J.: 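The structure under discussion is supplied below as structure tokens; questions concerning it will follow.
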Amino acid sequence: MAARQHSVTAWLAQIAGLRFGMWILVSAWFLAEILSHPHSIGIGHDWAYFTHHATVSHLSWTVYHQVPTWNPYFCGGLPVPGNLQNNTWAPSFLFVLLFGVLPGMKIAFLAFFVAGMEGTYRYARHLGIRGAGAVAAALAFSLCGRFAQLFQDGQPVFLTFLLTPWALLCLERGFRSWAWVAAGALVMTVVFLEGGAVPLPFISILMFLWAVIHTIAGRFDPRGDVAWYRPLLALASMAALTALLSAFRLLPVIDTLAHNPREWSSTDTYSLLYILEMLFLRSEELWHQGVGSAYAGVVTVALGLVAVALRDRRVIIPAVCLVLLFDWVTGTSQFLNIFPLIKSLPVLGNIRNPYRATVFIALMLSLCAGCGIASLEHRLLDLARRLGGRRLAAGALRAVAFAVPSTLALLLLVDVAGHTRTCLDGVLNLRSALTLEQPFRQSVGNRWFAHVWPAAGLGSLSCFEEQAFFQSPRLRGDLGQEEYLADHRAGSVERVSWSPHRIELDVAIERPTTLVVNQNHHRGWHASAGRVASLDGLLAVHLPAGHHHLVLAFVDPLVVIGGIVSVLAILGLAAIGIVRIRARRAAAARSRPA
Amino acid sequence: VLPSAHLPDVEGWRRIHRLLGAATFVLPLALSVLIVREVMLDPPPGAIDPPTETTRFGLNLKQRRVIFEKFARPERRWRREARMEFPDHEWSRSDHYFKLVRERASRLARVHKVHYSVIYMIYDEGIRRRWPDRRGAPLPASVPPLDPRKE
């Protein structure tokens, strides 16, 4: 690469403070509608659903000072870490704890966009795309249609796809360095904790394809210095480390998936033409599979073609991946049948909506567009270098080499975000629910406005989850007392205190009987007296006669075991990191002249 | 922080370079503070009025009964509609019914100029107190267990 030092756009883009400033400014502009309505949600069901879960966990942390592992406010009681859709344990939940449920969620959205732009920029730099090209790739991917459409649908979990470039960066660097394998495991742990049934399997599949492509490409690269098995070894190591780091969530998730699998028997098929319409047509139609819902921009394609025309070799791998991705997103109708192959794998049998992988197509196209801009800049700078003797002409050409890539990056931003940002217009049109302080009890509720109930101290028996979690048919939404005796003539029950994970009761009974709690039974419930049991699926305690100060506490053993594994994994990683840093410093000190 | 590969190898230059690098971080920091401040300025919607001797949720009993009756009026029609929509799937029938309830709640909130949370609290109160619907029966207080559709 000639004339590397002359690229002004590269120099500017490498100034971290400026770059982050730009990411924040662009993200804030893109999310202006979201950030200016901090206490509102959209009308779509999923807004209510995710707000419900965030509200419950927020209540658990801030009001009851308990680690949220049980949600008594939905379906009569659900496990929290075992629910794939729940993101209570995710890093982004810190914003919810700091700033409140809805404002915290909005600030977390902004943080995701900034992380996505920086990740794409760094990955582009890793591929050798620099300056305006890398910036353009970052903006085109992060502001593509899929990341705008999710606000219409109310599915913030899909923002996790913004971490895809970080995952690919760690994987590729992990071919040569174990430190990057560890970093990749951290990224994938975050992806897992951020929740949703889609991002983790989709990103994992992409990484597998990536590793396979690199393994094959490595065989044909005469300058390749990576052993053929390293891509797949890096991926496998990353997966194993991710499993250890996230064990506190992984074990409960495996348990719930085994007992309440997410079942989906329909086949999803989309024509190639329809996928192209999703990616390249602008439309007012705002639904998750609609035309333009994955808008990646026509300028992006044009700039990618510039890279091809300039014979930029960096587009080869993204281009190969594009072919595979187009086959994947069309579902079951195309020639390689990647999606049916994915569905035939053990854990992925119920995966659906292959069109969501259009987000990866947007990433590949953005990288190709970045290549186009970077190649053009490189050619112009190279020409300026050759004109070295003629200073005026060379200077003018350098100015052009700054202006043209910058303008093209801006054009790309206007084309992509200019359209996708309109998807956010008026999207948050529902003020959040009002709060009401009252003792907890179950109500019939309504899952379509799921956020209403926990704010008012009520559980909603009407509920929806992607998995068929167990729900007792004997739950009721009209009880005078949530804790009662099966034989009501045997004595009396009085609630002393209530919190999601601990219920204290005074029970006075003349003969042995069963205490019933109007919540689902779960193995995590323990009682200070008697024996915990399931009464038609309701939480129940068989008690002997007498006066009992009964404490019911929820501690899921799988979360505890998983937690120990996760803590050990984190400590182990930290110890290895410290040892390596010390060894490196010692080596540096030894090599320094006396 | 700043690309330094092509700066002159002079200590003074290096110091300026470090200073400039640190200074640029003021930009994202200031922007973050500004945005968070702007987001936090908006007041939250608040709480439902606490009960008094004559009111609950800010409405007297008569007003609440009127709202509940309006709520319960189309109940049987909704159940019928849900049965036609999902004849073979009990959970989906119930779910469809609750979707219609939501639409009704939003409309009643507009008509009575109260927050939708208040409408839902009245709905809950009516079920709990077994206020009768048009035909004299209370609304059901239980739901079929969760059974999401598989296609």
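So you know, we letter chains A, B, ... as the sequences are listed, proteins then strands, and number each from 1. In this text, all values refer to a predicted model and were calculated from it rather than measured experimentally.
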J.: Under 4.5 Å between any side-chain heavy atoms of B/D124 and A/R441, yes or no?
T.: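 A side-chain contact exists here, since the closest heavy-atom pair is under 4.5 Å.
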J.: Is there a side-chain contact between A/I107 and B/V39, using heavy atoms and a 4.5 Å cut-off?
T.: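 Contact flag for A/I107/B/V39 side chains = yes.
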J.: Between A/R262, A/R447, A/M22, A/E466, who has the most heavy-atom pairs with chain B when the cutoff is under 4.5 Å?
T.: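 Most heavy-atom pairs under 4.5 Å with chain B: A/R447.
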J.: Examine whether an atom of A/E437 lies under 4.5 Å from a heavy atom of chain B, and if so say whether it belongs to the side chain, the backbone or both; otherwise answer neither.
T.: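 Neither part.
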J.: So what's closer than 4.5 Å to chain B heavy atoms on A/L479: side chain, backbone, both or neither?
T.: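 Contact with chain B is through the backbone of A/L479 alone.
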J.: Tell me, out of A/R476, A/R474, A/H37, A/R352, who's got the most heavy-atom pairs with chain B below 4.5 Å.
T.: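 Of A/R476, A/R474, A/H37, A/R352, A/R476 has the most heavy-atom pairs under 4.5 Å with chain B.
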J.: Are B/V101 and A/F449 side-chain neighbours, meaning at least one heavy-atom pair lies under 4.5 Å?
T.: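 Side-chain contact under 4.5 Å: no.
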J.: Looking only at heavy atoms and a cut-off of under 4.5 Å, which of B/P43, B/P140, B/A23, B/P138 has the most pairs with chain A?
T.: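 Winner by heavy-atom pair count: B/P43.
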J.: So, do B/M121 and A/V452 sit near enough that their side-chain heavy atoms are less than 4.5 Å apart?
T.: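 Counting from C-beta outward, B/M121 and A/V452 do come under 4.5 Å.
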J.: Of B/R130, B/R129, B/R128, which is the lone residue that meets salt bridge (Lys or Arg N to Asp or Glu O under 4.0 Å) with A/D478?
T.: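 Filter result, single survivor: B/R130.
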J.: Ring centres under 6.0 Å, that's the criterion: do B/Y116 and A/H451 meet it?
T.: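 Distance test on ring centres: under 6.0 Å, yes.
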J.: Got a salt bridge between A/K106 and B/D42, using NZ or NE/NH1/NH2 to carboxylate O under 4.0 Å?
T.: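 Salt bridge: no.
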J.: If I measure from the heavy atoms of chain B, does A/W23 come under 4.5 Å with its side chain, its backbone, both, or neither?
T.: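 Interface part for A/W23: neither.
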